[in-house]
Protein chains: 4
Amino acid sequence: MSSEEPRRRGRRRSEESRLSILNAAFDLVADGGQEFTIEGIAARAGVSKQTIYRWWPTKGDVLLESLAARADAQISTSDHGSYERDLVHFLNQTFKLLRPRGVRRALRSLMAEAQHNPDLLLRFREGFLERRRAALFQIVSRAEDRGDLPPTVRGELIGDIVFGVIWYRMLSTERLLGAADALVLADLLTSAGDADPSRVAAPVT
Amino acid sequence: MSSEEPRRRGRRRSEESRLSILNAAFDLVADGGQEFTIEGIAARAGVSKQTIYRWWPTKGDVLLESLAARADAQISTSDHGSYERDLVHFLNQTFKLLRPRGVRRALRSLMAEAQHNPDLLLRFREGFLERRRAALFQIVSRAEDRGDLPPTVRGELIGDIVFGVIWYRMLSTERLLGAADALVLADLLTSAGDADPSRVAAPVT
Amino acid sequence: MSSEEPRRRGRRRSEESRLSILNAAFDLVADGGQEFTIEGIAARAGVSKQTIYRWWPTKGDVLLESLAARADAQISTSDHGSYERDLVHFLNQTFKLLRPRGVRRALRSLMAEAQHNPDLLLRFREGFLERRRAALFQIVSRAEDRGDLPPTVRGELIGDIVFGVIWYRMLSTERLLGAADALVLADLLTSAGDADPSRVAAPVT
Amino acid sequence: MSSEEPRRRGRRRSEESRLSILNAAFDLVADGGQEFTIEGIAARAGVSKQTIYRWWPTKGDVLLESLAARADAQISTSDHGSYERDLVHFLNQTFKLLRPRGVRRALRSLMAEAQHNPDLLLRFREGFLERRRAALFQIVSRAEDRGDLPPTVRGELIGDIVFGVIWYRMLSTERLLGAADALVLADLLTSAGDADPSRVAAPVT
DNA sequence: TAATAAACGAGACGGTACGTCATGTCTTTTT
DNA sequence: AAAAAGACATGACGTACCGTCTCGTTTATTA
């Protein structure tokens, strides 16, 4: 166990500062007032700017660290017996995470930051987007093992559709995704795509 | 009828300035050097800042006007005989529009701008996103008229999937969408989706 | 007689505009709010900027024209029998003209404008300052004719002292000059200054 | 005793920046090219605008600080045996200080600035004008002690006349004051003024 | 009575400087 | 060391005026 890095010299990094920075960053962006700036974070966290710069390359990275933890903690990929039921469960968990306005604002802000900083985009992808995809693919490969996976919609496209719809909605409107959307999406992804025109879809808003 | 605005008094707006501002804005953001600023646009267009502020509320709106024109001009929704063929054609045209790096950069930048300015987001939605959706829905309603539209994927979800995939890809990676993706997507959207015909889709919110 | 400029073609200069510009300029500067700008004058006078630029080179000149008229109208140099009485009368008239805060503000503003525009300073000197001096020198030369003029204080120095004190007070404080000051100043300028002619001037550096 | 400010925390004010700002301001205004602007000062001093705004409320205050130092350093009020000799000495020193065109330009510019900013005028008065008057009054009170002071010209009027003539000349013309003017002025101020000793001077406000 | 011409209001234009804000770096003192 | 405090150079922001330049309209003089 122990061993743990050879115990560096000097004062140790303040866990208190770290946490108050992460919280300040999230709170500021969640509140929606536009003062999401390094100076604003420092002021709200009661911390010097230098302390932020010492540990994170950009304010986007602060946000990223803050959000990645939340997502990992709140979305499971447990087995519910069938591909479709797993999917519905996954989607509902995800939609629930996105219910608070502040969370959506934070994610939108992070995605926006990443657009004019390629390095941050990379870290965002690896530290967040790909982890969400990996979670989804646990479900997919379990379905594959079960022989549950339909032939039409496979591979990366599944992730592109699921997260595509989620992000597109989040970025372009304030309209939330809900349980009904989870059912329709799961249905689409599990249907074999082989012709029984007798079914009638429900009317869409 | 006529109507003909009553011919206002003073000097008229300079069409030359207007165009050079739109082009300068697009060029700057397309070049990727991060100097996409009002001052940069003004300098490159040979125009005073005030002239920009007089006609557009934010630099995002300049970009929006510049991009909306391009998209309208380059994507048609012509009839190719079947829903699937129409879709493939639409998707390929769209993917082609997005081929140049500069166009993608401009769209990503605009989407990013819109994230911290709700008013701009509104204008972006109405002036761009909804117009793209409307184009797609011409194809959809033609399919409906033909009796070509499968029961599973209908209504707003079609747009959410199509544009969701496109935007998600564009915002999170540099990987282009191509002809193969067009076929798979079109196939998905046209398949009846009835592996388990007993299921009934729940109503969508 | 007549002669009268050969009567140019076209519309004649609008006396109404001219007056409302002069008044607007004076009022703005007298009110003390800092909006003493060409645009402000135009707006308040209900006139276009071009009309101001057509007839005056700078806003200082507008003010100059406005003030010169007032001074000429209100200060006479009538004969009151002695040099000293003429002086006292002249000073009191001048102090009275300067009593309204707005007049002082306008003069101060004009003097200030003239400091960073040599051409305007020239016009200010000729159109205002020298005219005030000339008025004073009517009194002085009348005294000379009478044999009333003391030997000590003569020539330009008289003007420098009188207007020096007036302007210095006006520019550096809000303290008004009054009747008592007129008496002391007149006394100083009329005293022979010959109590002890044996005095020797000190060596000059 | 000591008192010694408790040694504040962060980085200390840069004396180098302070001095180059003061010099840049003076040089710019002395050169007469009209680019006496905050941006110009910053550029010439190799300093950011923010650093100027941090320490001085207006560019006039920069100039004031620059000029006050010079005047304090160059004008003494040493004892030359008599009131008149002291005065002549004081005047000649002052005239000498004003000999360089740049110094006059700077003072005129400062006086002009102060005219549309009452707060600056206050600081100008206390930080400059009143200090010059105080210097002069050292001479006057020494004369009083000696019994040297003539009855006619006393109190504030002395300062008003001396500085009135100086400023009026400086603001309204380019004609320099010289040794001859010093003699005449000193003579005027030291003459007993008793052509008609029966008259009594009125008290000055 | 038509043509010509100057002056007018309105208002857009290219500019310059303003004063403010946020960035990322650096320096000093404290823990 | 690491932290808080805070000064620094940089650079963009959005605003205010500057002086110039069209426009369409009005008023006068000349043909």
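Letters go in sequence order (proteins before strands), and every chain restarts at 1. Only this structure's heavy atoms are used, side chains among them; waters, hydrogens and symmetry mates stay out.
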Phosphate-side-chain proximity, [X] and [N], N/O vs OP1/OP2 below 4.0 Å:
X	N	answer
Ser48(B)	dG15(E)	no
Trp55(C)	dC8(E)	yes
Lys59(D)	dA17(E)	no
Arg12(B)	dG24(F)	yes
Thr51(D)	dA7(F)	no
Ser17(A)	dA4(F)	yes

Heavy-atom side-chain contact between [X] and [Y] under 4.5 Å:
X	Y	answer
Leu107(B)	Arg104(B)	no
Val29(A)	Arg105(A)	no
Phe36(A)	Asp31(A)	no
Phe124(B)	Asp61(B)	no
Leu171(B)	Gln115(A)	yes

Between [atom2] on [N] and [atom1] on [X], what's the gap in Å once rounded to a whole number?
X	N	atom1	atom2	result
Ile52(B)	dA12(F)	CD1	C1'	13 Å
Ile41(B)	dA12(F)	CD1	C1'	12 Å
Arg44(D)	dA9(F)	CZ	C1'	19 Å
Trp56(C)	dG19(F)	CH2	C1'	17 Å
Glu113(D)	dC18(E)	CD	C1'	13 Å
Arg18(D)	dC8(F)	CZ	P	12 Å
Glu35(C)	dC18(F)	CD	C1'	17 Å

Closest to the [X] side chain, choosing from [options]:
X	options	result
Gln50(A)	dG24(F), dT22(F), dC26(E)	dC26(E)
Arg9(D)	dG9(E), dA5(F), dT29(F)	dA5(F)
Arg11(A)	dT31(E), dA9(F), dA22(E)	dT31(E)
Tyr53(A)	dG14(E), dG9(E), dT23(E)	dT23(E)

Q.
So for Lys49(B) and dG14(E), does any side-chain atom that can act as donor or acceptor lie under 3.5 Å from a complementary atom in the base?
A.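 Counting by modelled atom types and ignoring angles, no donor-acceptor contact under 3.5 Å is found here.
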(Q) Please classify the nucleic acid contact of Gly46(A) as base, sugar-phosphate, or nothing, using heavy-atom distances under 4.0 Å. (A) sugar-phosphate
Q. Closest nucleotide of DNA chain F for Phe36(C) versus for Arg54(D): which of these residues is on the 5' side?
A. Arg54(D)
Q) Quick one: on DNA chain F, does Gly10(C) or Thr37(C) contact a more 5' nucleotide (nearest heavy atom)? A) Thr37(C)
